[in-house]
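Following: one structure in structure tokens, then a few remarks.
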Amino acid sequence: MFANIPTWTTERVELLKQHFESGLSCREIAAHIGVSRNAVIGKLTRLGLTRGPTNIEQHLQGATRERSPKSAPRAQYRMLQVVYQNGQPAPDAPIASERPCSLLELSHERCRWPISTPGAEDFCFCGNTPLKGMPYCAGHTRLAYKPGSRQRVARA
């Protein structure tokens, strides 16, 4: 019975264009015209009426922005460079924590390597002077940043 009545008459299309140009939302346009919101969106798409930049314009705008550096791998590489710039350190060399400190005494000027188990009475942090730009002293940095450790984990 209703199949022969067209949804988009010339008058409705003109109302759609007027409401669209005045800045009404699709929901508001649908309420004024008497059709569903999806019908309004579909007709706007078929008429080529859009708001804001298109996907292509957005893509081009995104391409002109500077990309942020891929920080994690580069930062890790720099850390490894600092650690191993004077050749490979001895892997089994003992590490002496000369200035152990508690969590409250911990600062950027102290090695943050935990010693013992958290909650234990003898738990503390190394406290030695850390390498420049690193959270750990030379000995603990050697333990923390091993080259190729990601590959070993991935294989296991």
Side-chain angles (χ1 to χ4, degrees), residues 1-86 101-120 123-156:
M1 178 172 178
F2 295 105
N4 295 335
I5 301 172
T7 303
W8 291 108
T9 61
T10 313
E11 295 81 23
R12 278 187 170 173
V13 173
E14 289 306 317
L15 274 173
L16 171 73
K17 289 179 183 178
Q18 288 173 2
H19 290 318
F20 179 77
E21 289 171 4
S22 67
L24 293 178
S25 69
C26 291
R27 182 186 57 80
E28 294 168 333
I29 295 171
H32 284 283
I33 295 176
V35 295
S36 70
R37 178 180 162 273
N38 284 341
V40 170
I41 293 170
K43 190 62 175 179
L44 287 173
T45 302
R46 289 189 297 278
L47 292 173
L49 300 173
T50 58
R51 290 192 179 120
T54 62
N55 288 341
I56 294 171
E57 292 170 355
Q58 287 175 348
H59 180 69
L60 293 176
Q61 288 173 356
T64 59
R65 285 184 275 161
E66 289 185 30
R67 293 183 178 183
S68 61
K70 296 177 181 173
S71 60
R74 289 182 184 166
Q76 290 172 356
Y77 177 76
R78 286 189 203 112
M79 287 178 189
L80 288 172
Q81 247 182 342
V82 168
V83 174
Y84 294 101
Q85 64 185 340
N86 296 329
C101 62
S102 70
L103 179 63
L104 299 175
E105 300 168 327
L106 201 58
S107 68
H108 290 289
E109 292 83 33
R110 301 188 107 174
C111 176
R112 300 177 189 170
W113 190 269
I115 298 174
S116 185
T117 306
F123 179 73
C124 61
F125 293 90
C126 173
N128 292 341
T129 305
L131 294 175
K132 183 179 178 184
M134 305 292 275
Y136 306 124
C137 64
H140 289 123
T141 300
R142 184 180 68 238
L143 293 175
Y145 303 104
K146 294 181 180 179
S149 61
R150 272 192 185 175
Q151 289 81 14
R152 282 194 297 272
V153 169
R155 278 185 268 152

Q. Which heavy-atom pair separates R37 from R27 by the least distance, and what is that distance?
A. CG-N, 4.2 Å
Q. Taking atom CD1 of I29 and atom CG of L16, what is their separation to the nearest 0.5 Å?
A. 5.5 Å
Q. With side chains defined as the heavy atoms from C-beta onward, is the minimum distance between L47 and V13 less than 4.5 Å?
A. yes
Q: Quick one: closest heavy-atom pair of R12 and V35, and the distance?
A: NH1-CG1, 3.5 Å
Q.
Could you check whether any side-chain heavy atom of F125 comes within less than 4.5 Å of a side-chain heavy atom of P114, counting everything from C-beta outward?
A. yes
Q) Just by distance, do the side chain of E14 and the backbone of E11 share a donor-acceptor pair under 3.5 Å? A) no
Q.
For the SG atom of C101 and the CD atom of E109, what is their distance to the nearest 0.5 Å?
A. 11.0 Å
(Q) Can you tell me how far apart CD1 (I33) and CD (Q18) are? Round to the nearest 0.5 Å. (A) 9.5 Å
Q. How far apart are the closest heavy atoms of L44 and C26, and which atoms are they?
A. CD1-SG, 3.9 Å
Q) Which residues satisfy the ring-ring contact (aromatic ring centres under 6.0 Å, His included) test with F20, sequence neighbours excluded? A) none
**Q.** Those residues that, when tested against R112, pass side-chain hydrogen bond (donor to acceptor under 3.5 Å, both in side chains) (two or more places apart)
**A.** H108
Q | W8 to A39 - nearest heavy-atom pair and separation | A | CZ2-O, 3.4 Å
**Q.** Gap separating the NE2 atom of H140 from the SG atom of C111, nearest 0.5 angstrom
**A.** 5.5 Å
Q.
Are T7 and K43 packed together at the side-chain level, in the sense that at least one heavy-atom pair is separated by less than 4.5 angstrom?
A. no
Q | Heavy-atom side-chain contact between L143 and Y136 under 4.5 Å | A | no
Q) Between L15 and H32, is any pair of side-chain heavy atoms under 4.5 Å apart? A) no
